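A single structure is presented below for examination.
No experiment lies behind these values; they were computed from the predicted model shown. Per chain, numbering begins at 1; letters A, B, ... match sequence-line order.
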Amino acid sequence: MKIKIFLTIFFISFNLNLGSNEPINESKIHKNLRCLVCQGQSIADSNSDFAITLKMVVKDLMKDGKSEDEIYDFLSEKYGDWILYNPKLNTGNLLLWGLPYLVLVFGGVIIVFLIRKQSKKT
Amino acid sequence: MLSNTGNFLLILSILFTSFIIYQSFACLKKTNDMIFKSIYKISLLQSTTILICFFTLVGAFMVSDFSLINVYQNSHTLKPIFYKISGTWGNHEGSLLLWVIILTIFSFLFLITNKNHPKNYRINTLIIQNILILGFLFFILFNSNPFSSISPIPKEGLGLNPILQDPALAIHPPLLYVGFVGSSIYFSAAMASVITNYSGKFFAQSIKSWVIISWSFQTLGILVGSIWAYYELGWGGFWFWDPVENASLLPWFAMTALLHSLLVLEKRNILYFWSIILCLLTFTLSVTGTFLVRSGILNSVHTFANDPSRGIYILLFLSLMIFASVYILFTKYKPTNDQINSNSKETFILINNWFMMFYLITVLLGTLYPIFTDAISNNKISVGPPFYNSVIIPVVIIFLFFMAIGPKVRWIKNKFLNFKDLLKIIVGAIAVNFIITYFFKSYSLISNLIIISSVFLIISTISDAIKKPKINFARIISHFSFGFLIFFIGLNHNFSIEKDFNLKLGETKKIDNYNFELKDLKLQQYDNYKAVIGKIQINDLSTNKKRTLNPEIRIYDNPQTLTYEASIKTNFFRDYYLTMSNIDRSDYYNIKFQEKPLMIWIWISVVMLSFGGFLSFIRNAKNN
């Protein structure tokens with residue numbers, strides 16, 4: 001009983017402590033954009049002219065009140081999907097986003113099957 | 001001269017290798033259980049020859065013998081001797097020679113250390129391993145020969161890429177190679193095991209040490225590479241999910257799964273075919289990784305100069321390997337009757353394997369997917385950190401809970417789980433998380449869960465160690481440090497501070513709780529580069545403590561390259577990380593400042609993780 005009370009208190013306090021919804025984070029957007037003239041770097045990590053220009057573009061778009069996704073849409077239309085480190089969830093990328101979870105479910109089914117087989121025998 | 005010596009030694013190695021294969025087949029025909037003495041002798045000669053061959057190349061680098069194209073392209077007389085030596089494996093050709101060294105030495109060691117296993121199994125392992133060696137030797141000799149000569153002899157070399165001139169990077173390839181090239185020996189052993197029908201418990205015992213040792217080195221190799229990326233690439237992160245990093249992580253997942261499934265095979269004599277698949281998978285992934293990196297198919301921070309013909313050879317080799325192993329597996333496969341109880345250690349180890357396969361597939365898919373979309377729809381996409389983080393992290397939470405409970409469960413059939421204890425531990429974990437969020441900073445739901453699950457694993461592992469004094473300490477240390485690792489990554493992620501701003505000489509800028517002042521810039525001339533060294537004073541306004549960091553902009557001569565050296569101040573609580581770079585057509589400098597809490601603990605956790613592996617290796621060697 002003690003434990004239960006203890007647990008409830010902790011769960012409540014823990015729920016109260018959840019981080020607030022973060023506002024649009026400029027550096028998060030920078031980290032999600034590939035510096036197209038560099039070798040495997042985001043524009044946040046680069047000082048190339050390209051990165052500097054793109055950072056200014058992002059700033060302007062944010063000033064215009066564009067949301068994070070709208071900024072990504074705008075840039076990927078202009079430069080192609082190659083610029084986004086976080087691949088979009090669309091039909092072309094369905095396999096990419098879906099297959100890992102499919103494997104997870106499939107693996108789980110195999111394990112359950114292995115164990116079931118055993119419990120039927122005994 | 002060295003060119004001839006090198007080529008001679010390569011050809012000699014090929015002859016020895018062929019002779020070993022020939023003698024081994026002859027030995028298989030004999031009915032007695034003795035391996036020819038000559039096989040031991042030639043194996044020793046083979047290892048020695050390939051070592052001398054490698055040291056010939058090292059020698060060529062040390063004396064800067066530019067009659068070798070390889071030395072000419074990757075070295076320079078003004079380079080410090082240490083980097084002349086490490087330049088040997090800092091390129092495609094030389095590193096392949098290192099590959100073959102590990103293949104041969106492991107082959108020799110496996111031959112002499114497995115005397116209590118049957119002859120046919122050992123000989124078959126030797127044959128397969130030597131076929132691999134032969135494949136790589138031919139590749140070196142005909143396609144990637146480090147001893148190719150050039151005429152007329154150039155006076156000066158082109159130099160080694162400056163970002164590779166670094167102690168961590170110099171030792172990182174050998175460590176990684178022991179890891180993933182080392183996995184070749186259990187690839188060969190697994191094939192031999194299927195061919196000779198030497199299965200089950202004894203097979204597990206014969207390869208266990210090899211799996212553990214390669215896993216430990218792989219872990220260390222990944223760590224050193226990651227540390228290098230942290231201070232050399234200048235963006236302050238330790239993992240970018242770069243294709244090259246992924247290539248080292250993929251075999252690690254397979255090895256980790258294998259490491260655990262072997263325990264089941266050894267104890268319960270089940271999961272034999274699954275373990276075989278993992279053996280084959282580990283080495284196949286190692287070669288795949290090499291193929292992807294060397295062929296230049298993947299865009300990465302550190303691909304070597306690209307040459308499509310290399311890619312084709314490795315791809316051919318890889319296809320043959322996969323085809324042969326799948327063929328052998330299919331012809332010899334026998335359905336086994338694996339009896340597993342749901343509440344048993346076996347089940348939990350299966351769960352470990354299940355998650356490892358999930359991580360593996362996710363990382364593999366993320367790495368390869370861009371190639372496919374590019375080939376099929378001409379649409380080039382990037383798969384970067386946000387993808388991996390959002391797919392993997394939620395699953396890690398569940399994984400950590402299983403990882404904590406698994407070792408408490410007994411083999412075959414567990415009687416009951418002590419739920420009361422588990423409840424206490426989880427309350428403890430939530431309490432720790434609550435204290436952190438209460439006193440420092442709140443963070444997202446997923447971060448809360450990561451911290452709770454990792455603390456759960458840590459406490460639960462410690463309580464295991466306290467309850468049972470005679471417990472397997474290797475396991476305790478590894479599981480504990482994995483919990484530690486995730487815990488510190490979680491905290492580091494949530495409490496990192498990043499600032500990006502411009503400063504000019506003499507200027508002071510106040511950002512949040514810090515005052516930054518660019519006090520001085522000085523130009524210094526070194527042997528092989530000159531550097532602009534900044535002196536930046538950071539004043540922490542809350543504690544009034546002053547720190548000085550000295551980031552550098554380096555201009556290397558050979559080859560002409562500009563690099564930015566981060567200045568890092570490390571202590572047990574946090575790292576201060578600062579890079580400075582010049583801005584064209586302006587006297588301002590761009591400053592990137594990061595405060596990374598508990599950074600050093602991430603490294604320490606991984607060192608402990610691999611230490612657990614080494615401990616397990618010693619323990620295993622004592623038991624056999």
Practice item. Let me know if A:Leu84 has heavy atoms under 4.5 Å from chain B in its side chain, its backbone, both or neither. Key: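 Only the backbone of A:Leu84 comes within 4.5 Å of chain B.
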Exercise for review: State whether the number of non-hydrogen atoms from other residues, nucleotides or ligands found under 6.0 Å of B:Phe440 atom CZ is greater than 12.
Suggested key: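 No.
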Check your understanding: Do B:Val391 and A:Tyr101 touch side chain to side chain, with heavy atoms closer than 4.5 Å?
Key ->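 B:Val391 reaches A:Tyr101 side chain to side chain.
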Check your understanding: Out of curiosity, A:Asp45 CG to B:Thr579 OG1, how far, rounded to the nearest 0.5 Å?
Key ->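 It is 9.0 Å, given to the nearest 0.5 Å.
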Point to revise | B:Ser390 and A:Trp97, any side-chain heavy atoms less than 4.5 Å apart | key: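 The answer is yes, as the side chains (C-beta and beyond) meet within the 4.5 Å cut-off.
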Point to revise | B:Ser382 side chain to A:Trp82 backbone, donor-acceptor under 3.5 Å | key: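 Indeed, once roles are kept as given, a pair shorter than 3.5 Å links the two residues.
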Point to revise | Between B:Phe240 and A:Tyr85, ring centroids under 6.0 Å | key: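 Here the rings of A:Tyr85 and B:Phe240 have centres that are less than 6.0 Å from each other.
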Check your understanding: Between B:Thr362 and chain A, which part of the residue has a heavy atom less than 4.5 Å away: side chain, backbone, both or neither?
Key ->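 Backbone plus side chain of B:Thr362, per the 4.5 Å heavy-atom cut-off to chain A.
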Review point. Within a reach of under 6.0 Å around CZ of A:Phe50, are more than 12 heavy atoms found that belong to other residues, nucleotides or ligands?
Key: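 More than 12 within 6.0 Å, yes.
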Exercise for review: Pick out which of A:Val103, A:Ile110, A:Ile111 makes a side chain to side chain contact (heavy atoms under 4.5 Å, CB included) with B:Trp354.
Suggested key: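 Of A:Val103, A:Ile110, A:Ile111, side chain to side chain contact (heavy atoms under 4.5 Å, CB included) with B:Trp354 is met by A:Ile111 alone.
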Exercise for review: Working to the nearest 0.5 Å, report the span between CD1 of A:Ile52 and CG of B:Asn590.
Suggested key: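 That separation rounds to 7.0 Å.
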Exercise for review: Using a cut-off of under 4.5 Å on heavy-atom pairs, state which of A:Ala44, A:Ser76, A:Gly107, A:Ser42 scores highest against chain B.
Suggested key: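 Of the options given, most contacts go to A:Gly107.
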Point to revise | Side-chain heavy atoms of B:Tyr369 within contact of A:Leu95, under 4.5 Å | key: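 The answer is yes; the side chains approach within 4.5 Å.
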Practice item. Show your reasoning for whether side-chain contact (heavy atoms from CB on, under 4.5 Å) applies to B:Met357 and A:Leu104. Key: CA-CA 8 Å; B:Met357 286 306 113; A:Leu104 196 64; over 6 Å; no
Exercise for review: Give the member of A:Val112, A:Leu99, A:Leu96, A:Asp81 that has the highest number of heavy-atom pairs under 4.5 Å with chain B.
Suggested key: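 It is A:Leu96.
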Check your understanding: With a 4.5 angstrom heavy-atom cut-off, which part of A:Lys88 approaches chain B: side chain, backbone, both or neither?
Key ->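 It is neither, since no heavy atom gets under 4.5 Å.
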Exercise for review: Could you have a look at A:Gly92, A:Gly80, A:Pro100 and say which one has the most heavy-atom pairs with chain B under 4.5 angstrom?
Suggested key: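 Option with the greatest count: A:Pro100.
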Point to revise | Nearest-0.5 Å distance that lies between atom NZ in B:Lys592 and atom OG in A:Ser27 | key: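 Rounded to the nearest 0.5 Å, the NZ-OG separation comes to 11.5 Å.
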Review point. Using non-hydrogen atoms only, which part of B:Ile381 is less than 4.5 Å away from chain A: side chain, backbone, both, or neither?
Key: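 Both the backbone and the side chain of B:Ile381 come within 4.5 Å of chain A.
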Review point. Do you know which of B:Trp241, B:Phe358, B:Phe387, B:Phe355 has the most heavy-atom pairs with chain A at a distance under 4.5 angstrom?
Key: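 Winner by heavy-atom pair count: B:Phe387.
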**Study point:** Nearest-0.5 Å distance that lies between atom OH in B:Tyr388 and atom CG in A:Asn86
**Key:**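 Rounded to the nearest 0.5 Å, the OH-CG separation comes to 11.5 Å.
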Point to revise | Spacing of B:Thr373 atom OG1 and A:Asn93 atom CG [to the nearest 0.5 Å] | key: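 One gets 7.0 Å once the value is rounded to the nearest 0.5 Å.
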Check your understanding: Is the shortest heavy-atom distance from the side chain of A:His30 to the side chain of B:Glu498 under 4.5 Å?
Key ->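 They are not in side-chain contact.
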